[in-house]
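Heads up, the thing below is written out as structure tokens.
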Amino acid sequence: MTASPMTACWWGSAPRADLVPDAHLLAAVDEALAGSGAEAELVCTHVDRSAPEPRVGVSLRLTGEPADPAATRSALARALAGPVVAEGADGAEVAGPARTALAEAGAGAAGRAVRFPGSAQVTGRLTVADLIGSTAIEQVAGIGVQPLGADVVDTGPNGFLRPALSGGRLTLLVERTAGGLLQPFEIESPHECCGGAGH
Amino acid sequence: MSHDHDHEHHHGDHDHHHHAPAGVAGTWADPQAADPLSVSRRAFLATAAVVAGAAAGVAGAAGGLGQGVAAAHGGGGGRTANPWRGRSSFLAGDHHIHTQFSPDAQYEVATQAAKAREFGLDWIVITDHGGVAHQKLSIDKITPEIEAAREQQRDLLIYQGLEWNIPGAEHATVMLPPGRSTVDILKAFEAGYDGSVLAANGVTGDVEPYAVQALEYLDSQVRNRRTEIALMFANHPSRQGIDSPHELRNWRDAAPSVAVGMEGAPGHQAAGIPLAQGGPGKGRGYYDRVPGAASFPGYPPESYRTWGGFDWMTATVGGMWDSLLAEGKPWWVTSTSDSHQVYRDTRIQGPLDYDTEGTHGAPVDTGKPITEYGDFWPGQYGSTLVASRSRRYVDVMRGLQSGQVVAVHGRLIDGLDLRVRGSRKGDGRGATLGGRTWVRRGGDVEVTITVHLAAGPNAGGAVPRLAKVDLISGPVTGDVADRDVSTAPATTIVETFEVSSRDRRTATFQHTFTNVDRSFYVRLRGSDGKQLDAAGNPLIDVVGDANPWEDLWFYANPVFVDAI
């Protein structure tokens, strides 16, 4: 993916299950980093399959090293109710999902971006070219369609975008929708079966 | 939908027993079965058939009661299952229907039953969601309603079933014939093996083994003669990518006479009607999700969408379904409504608290059509045609179990006669849908297809016109080494038959495989030809822009051919 600033640092964590949903995750991360001197500019979720039951890990790319890294890591660990590991740290004691998240994000191999540079400014409809120009999204790929630069992507009123790291590039998957538009393959509110109670 | 010709041909062997109150009030539809000796003898025959099937390398499901006995021998050669008997009579049905006894649905049993009749169905299964409230409260409350509906709709078979939360996976239809122990079995099954109930009881972690045990439990109920038959179909298998290939195989292999198939097409087919056409503008089948943590990582993104209204597993030539069939084992596809809240219906959920009552109570009429609803009534769009020996509960289930089944959308066809036979050096009589026939190596296999074209309009108001039929075939390669394999690259479209505009009532096609040197299977699908890619395959359904009436398909279940 796009070369990150030399000062950027990567952390990985294994949040408690109830903190995995996007909104909870971002709230916990921001709360822990508040006043630390650094922000999480890229937040990705990862699936760790090293145990029989898949678990979710999270990777963070910070805008820089926090003033007190150890204290900030502790705050994040408390906020996510799980261990935090920093890039390059030994951390043999750290659980699988945090390690997996860090490894996948560092290699640009996998990871679903809940926040990424430019994501907060996007709303409504914009072209594929504008999406690539104004955000960290480097590539737009289609399911059942070949997206062109002038094609319009409808991101919805909240600008919902969940691109994924793949082959070293932050890639947004899109599909066709009504009116000749494209929409992100992952939408904000898919149909909830069984009122959301089933699964 | 209505199937006029079916009724016309059904009077001959129409079973009138189910009109007798004695056969219904006791919820044992077949009066003969009230005789313990009869039950016992039937069970013995069924067991024998399973054994015979297993010995032939055919999973037990291929040899249900009738088929197994008839399959005894094929004239000194191989074995035959579902021997061809001339034209089949189909009964149309739906194995996936919800009522006010589901947390997210609303209709009375009587309403769903009446609608099913209005749209020409002969059998339905009531499948409310499993869960704590359902297990504790709903089952007891719905039982008398189902019994009353049977009295009201004498021409409709109404099965009591369950939409089971498969531990670690998607939902599934579980269906039983009416019997003394039906309710007890359903309650015990749900208490012990429903994923939602297990989770409420604190059972977490790797719960896949519970699914296998659940199916073994149902199988044991058949073996212990508490029920004559029990069936399971995996519902909306690709919706969330959580029915992994090895789970499908584990279910099938744990209880091959119970776990017999999956929805080839999910319900909720109205969900894709565009907003611009006054529809919900959602994903067809409500297939609008993406892979999650629990999803099988080998399923590609496009598997999370329907293709021509059918689930990716079924719609992909050489895909997941074919990889199961290439093992030479039965696995059948169906089509259902998953009817919860019907497109443009005016009713909303009743006022009762589901969690404490186990029901919403009767729905409330708002007087205004609700266009956000994405479902059809039972039979309004999708239907599962079953060739059954009679209109008895157990016989329809035997038809389902033995794969004599065609999944149809929008009344694209009214019926299908398929005959596959060893025309040279083989089983000259041959087999039909879901069956098995044989040929000596070097011999020929002839496939004869007669499609009964729609004899009238569908519920969308048009008389559908079948444009083409694909004959699909692949080699049978036996058990897989990797149980998570999801492709069968050698399965291809062998021939595409175009339906002539001169064909009125029927269209007949033929194909011959010559010098057959290996075991294989054949299956059929057909389309109205309106939405095809260059290779004749269905298109991915566009979320928010998929009018189901403008894209009709049918899929027929396979016939296996043993080269000996």
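The two residues A/Pro54 and B/Ala294 come nearest to each other via the heavy atoms CG-CA, 4.2 Å. Nearest approach of B/Pro291 to A/Phe185, heavy atoms of both residues: CD-CE2, 4.4 Å.
Contacts between A/Glu186 and chain B at a heavy-atom distance below 4.5 Å involve backbone atoms as well as side-chain atoms. With a threshold of 4.5 angstrom between heavy atoms, A/Arg49 approaches chain B through side-chain atoms but not through N, CA, C or O. Heavy atoms closer than 4.5 Å to chain A are found in the side chain of B/Tyr304, but not in its backbone.
Contacts with chain A were tallied for B/Leu539, B/Asp338, B/Val542, B/Asp206; B/Val542 has the most, counting heavy-atom pairs under 4.5 Å. Put simply, of B/Ser102, B/Pro274, B/Gly205, the one with the most heavy-atom pairs under 4.5 Å next to chain A is B/Gly205. Among B/Asp545, B/Ile540, B/Val543, B/Asp533, the residue making the largest number of heavy-atom pairs under 4.5 Å with chain A is B/Val543.
To the nearest 0.5 Å, atoms NZ (B/Lys282) and CD1 (A/Ile187) are separated by 6.5 Å.
Within 6.0 Å of CD in A/Gln139 there are more than 12 heavy atoms belonging to other residues, nucleotides or ligands. The number of heavy atoms from other shown groups lying within 6.0 Å of OH (B/Tyr210) does not exceed 12.
In this structure, the side chain of B/Arg305 does not engage the main chain of A/Ile143 through any donor-acceptor pair within 3.5 Å. Judged by distance alone, with hydrogens and angles left aside, the side-chain atoms of B/Asp288 form a donor-acceptor pair with the main-chain N or O of A/His191 at under 3.5 Å.
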